[in-house]
Amino acid sequence: MADKGGHPGAPGRAPEAGGCDRVRNVALVGHSGAGKTTLVEALLTAAGTLQRAGRVEEGTTVSDFDDVEVRQQRSVNLALAPLTHGDIKVNLIDTPGYADFVGDLRAGLRAADAALFVISAVDGIDGLTRMIWEECARVGMPRAVVITKIDQQRGDFDDVVLGCQDAFGEGVLPLYFPAADGDGLKGLIGLLTQRCLDYSTGKRTECAPDPRYLEQIAEQRASLIEGIIQESEDETLMDRYLSGEEIDVKALIEDLETAVARGSFYPVLATSVPHGDHPGPVVGMLELLEVITQAFPSPLEHGIPQVTPVKGGPPVEIGCDPDGPLVAEVVKTTSDPYVGRISLVRVFSGTLRPDSTVHVSGHGMEERGHEDHDVDERVGALTSPLGKTQRTVASCGAGDICAVAKLSRAETGDTLSDPSSPMVMAPWTMPDPLLPVAIRAQSKADEDKLSQALGRLVAEDPTLRLENNAETRQLVLWCMGEAHADVLIDRLSARYGVEVERVELRVPLRETFGGSAKGLGRHVKQSGGHGQYGICHIEVEPLPSGEGFEFVDKIVGGVVPRQFIPSVEKGVRQQMERGVSAGYPLVDIKVTLYDGKAHSVDSSDMAFQAAGALALKDAAGQVPVLLLEPVDEVSVLIADEYVGAVMSDLTSRRGRVLGSQAVPGGRTMIKAEVPQLEIVRYAIDLRSMSQGTGTFDRAFLRYEPLPSHLADKVAKAEAVHD
């Protein structure tokens, strides 16, 4: 993608990695509005990658270059922003903070070796951030916390630190705290060095701290040192410290860096970037870069996901070695109408080179529209992206991240490997999209282009599932939420020129007989030559839910010839598919054929098919036909504080709560049976009820009779639809 301009600082050449140990891959995570994108701009400027930082409000940031992001002033895509600090290349991975785009968030964590949790001093911690921390903890990912907006009037650094310690547990301790005077934020005070880092002149200078901070420094420094010593590999250090010995700061820093890289200690840093009514200095970038480059692990220190041969077999031992076998993963795929498909790739082993041939392997996503595929493709140019600017690189070695052009079959999550020894990496966990959105093309021209455009979106986004519902004849996008759906529809229009509109989702209902009835099917026509003659008598009885269909032959004396009895059954089945009342398939009935008439010349297979269908419709006119609605088994995982509200809400949706079970971490799993009609928008409603912390899954259970007042409403809606 060519750089179309817009960013105030012109990026220079792409930074190069001097080896696996000279790379740091860091995902920035946190809730929307915490300041991740602004922080990326400030870090790029501090490192000299940019001359001047862009602004979210002006749509000039490196990370948010997509048209949707510029308009909405929020990140919806994962974006890569490389920089160099000292002799270390840092790949900053800016991830979306809104729950709808958790797919890109998890892709960013997969590509990273450490996570930087960005938390606003004004807004504090949200439920999604807590969940991400728990995910990182389960896989042992090293983490640090950076508190932004410490200069704002409503910002409270100390309060947010306490919130982090409460939410994230032990090992979360600040390395610095803000220093201010009457004119506002002045800089930071380092707890280990006991020095003030003054940024008030625009450059960092070191000085003695104001005496009013000495008591606070002593108290917090003692807690920090004890926290570092607890994680130290030197078992004598605590005894020496408790005996009053002054521990060398250099040794403490070394232990701190080891504990952070190991994922057992989580330093808290503080930053501020001037904006709007807060024109103060940029604070904390150098300190943050020091932690990233010196304490976060290199790819050599972070494990590689499990790798197995495509043909099957035991896992293959792979190390982060540029001379090893090629194993890389497509972290993110984007399609550009002019340039084609571009794949953001993390190389775990080996070296990726332009114009080489690689094996592209994707497995395990068929239910979401991603067919299993194994193909060899030729790599195009390799680039190092900085926003929409693509800077050419000669190669990409193990541990690094680059963009690859012209991989026409590669999709997000695919593995790239050597064609002579194709491999596949264990996939990362992706949440299920649970918000169905029905769409239709606005014109015939849009309809012709829609299929190809949706195919590209599905290849880019593993959290999107496409469904062509044969029963309702609707095209359904299964999305993560309303914002996700809005972005997808926007992209169809802006990127592919396809205009679609939302339509009301139709839930596939069923029909069944409300009692037993007899029906006559008479299909007799004479129009010259052979006529059509088929008469049958049937009895229809309802069956228990889930029993399906049973056909019984009780013909005596050959009144319906043997060869035409299957024809009657076929006609009944065809009419069951079409329905007998509201146009929904008929289920759970027993049909008995007990009488009929045939003609020696005019009877035929088609005539008795028609008679069977007519007989079923005739029987349906004599008894109530019940509408059946699908009922799902729903499992809701929720924080304990929301259990009452969620149970009450499920009951209000005509749900039956079956029980609940405590889950570690202060959460509860609620099991319930809920009609599908009542949970079409449950993905949105649950998020609202639980402050973004609740998750659920659903699975079809059975069909049940729809209450009469709702059945009448559905019947009227179907009449309008038809």
Side-chain angles (χ1 to χ4, degrees), residues 117 119-122 124-125 133 143-200 204-232 234-260 264-272 283-284 286-288 290-291 294-295:
F117 281 73
I119 297 170
S120 164
V122 176
I125 305 166
W133 184 277
R143 285 148 278 162
V145 176
V146 57
I147 299 175
T148 61
K149 305 180 184 180
I150 59 172
D151 60 326
Q152 293 198 19
Q153 188 172 1
R154 294 187 300 113
D156 191 328
F157 177 82
D158 294 333
D159 187 57
V160 174
V161 169
L162 290 174
C164 290
Q165 292 170 338
D166 178 62
F168 304 149
E170 296 180 0
V172 180
L173 291 167
L175 300 183
Y176 305 88
F177 67 84
D181 56 22
D183 296 325
L185 181 67
K186 184 178 180 181
L188 302 173
I189 293 177
L191 291 172
L192 289 179
T193 61
Q194 304 181 80
R195 301 288 288 172
C196 178
L197 305 171
D198 190 340
Y199 281 90
S200 58
R204 183 173 77 171
T205 58
E206 201 172 304
C207 59
D210 189 301
R212 62 195 172 99
Y213 289 121
L214 294 180
E215 184 177 341
Q216 185 178 354
I217 291 172
E219 182 181 334
Q220 294 193 21
R221 187 173 191 266
S223 297
L224 175 61
I225 291 175
E226 289 174 13
I228 294 171
I229 290 175
Q230 282 179 0
E231 299 300 331
S232 173
D234 185 350
E235 296 179 358
T236 67
L237 207 55
M238 181 61 79
D239 293 334
R240 289 162 52 197
Y241 174 71
L242 292 176
S243 67
E245 180 180 336
E246 184 68 27
I247 306 299
D248 182 50
V249 171
K250 184 178 179 182
L252 288 171
I253 291 174
E254 289 176 355
D255 283 340
L256 165 70
E257 292 171 354
T258 300
V260 172
S264 57
F265 186 83
Y266 318 105
V268 181
L269 297 101
T271 64
S272 173
V283 172
L286 293 178
E287 291 75 26
L288 182 52
E290 287 166 6
V291 169
Q294 297 176 32

Measure the [atom1]-[atom2] distance between [X] and [Y] for me, rounded to the nearest 0.5 Å.
X      : Y      : atom1 : atom2 : answer
Leu191 : Ile217 : CG    : CD1   : 7.0 Å
Thr193 : Arg221 : OG1   : CZ    : 8.5 Å
Glu290 : Leu269 : CD    : CG    : 9.5 Å
Ser272 : Ile147 : OG    : CD1   : 12.5 Å
Ser264 : Gln230 : OG    : CD    : 10.5 Å
Leu185 : Ser200 : CG    : OG    : 9.5 Å

- May I ask you to decide if the ring planes of Tyr266 and Trp133 are parallel, tilted or perpendicular, using 30° and 60° as cut-offs? perpendicular
Indicate yes or no: at least one non-hydrogen side-chain atom of [X] is less than 4.5 angstrom from one of [Y].
X      : Y      : result
Ile125 : Asp166 : no
Asp198 : Glu206 : no
Leu173 : Gln165 : yes
Asp255 : Leu237 : yes
Ile119 : Val160 : yes

Please find the pair of heavy atoms, one from [X] and one from [Y], that lie closest to each other, and give the distance.
X      : Y      : answer
Cys196 : Ala179 : SG-CB, 4.5 Å
Leu224 : Leu175 : CD1-CD2, 3.8 Å
Pro209 : Arg195 : CD-CA, 4.4 Å
Pro178 : Leu188 : CA-CD2, 4.1 Å
Val260 : Pro267 : CG2-CD, 3.5 Å
Ala270 : Ile150 : CB-CD1, 3.8 Å

- Task: Please step through salt bridge (Lys or Arg N to Asp or Glu O under 4.0 Å) for the pair Asp248 and Lys250, ending with a clear verdict.
- Result: CA-CA 5 Å; Asp248 182 50; Lys250 184 178 179 182; over 6 Å; no
- Does Arg204 reach the main-chain N or O of Tyr199 with its side chain, forming a donor-acceptor pair under 3.5 Å? no
- Task: Step by step, work out the side-chain contact (heavy atoms from CB on, under 4.5 Å) result for Val161 and Gln220.
- Result: CA-CA 12 Å; Val161 169; Gln220 294 193 21; over 6 Å; no
Take a 6.0 Å sphere around [atom1] of [X] and say whether it holds more than 12 heavy atoms from other residues, nucleotides or ligands.
X      : atom1 : result
Glu170 : CD    : no
Glu215 : CD    : no
Glu219 : CD    : no

- Decide side-chain contact (heavy atoms from CB on, under 4.5 Å) for Val291 and Val146; before the verdict, give the C-alpha distance in whole Å, the side-chain angles of both, and the deciding distance to 0.1 Å. CA-CA 11 Å; Val291 169; Val146 57; over 6 Å; no
- Task: Would you check if the distance from the ring center of Tyr213 to the ring center of Phe177 is below 6.0 Å?
- Result: yes
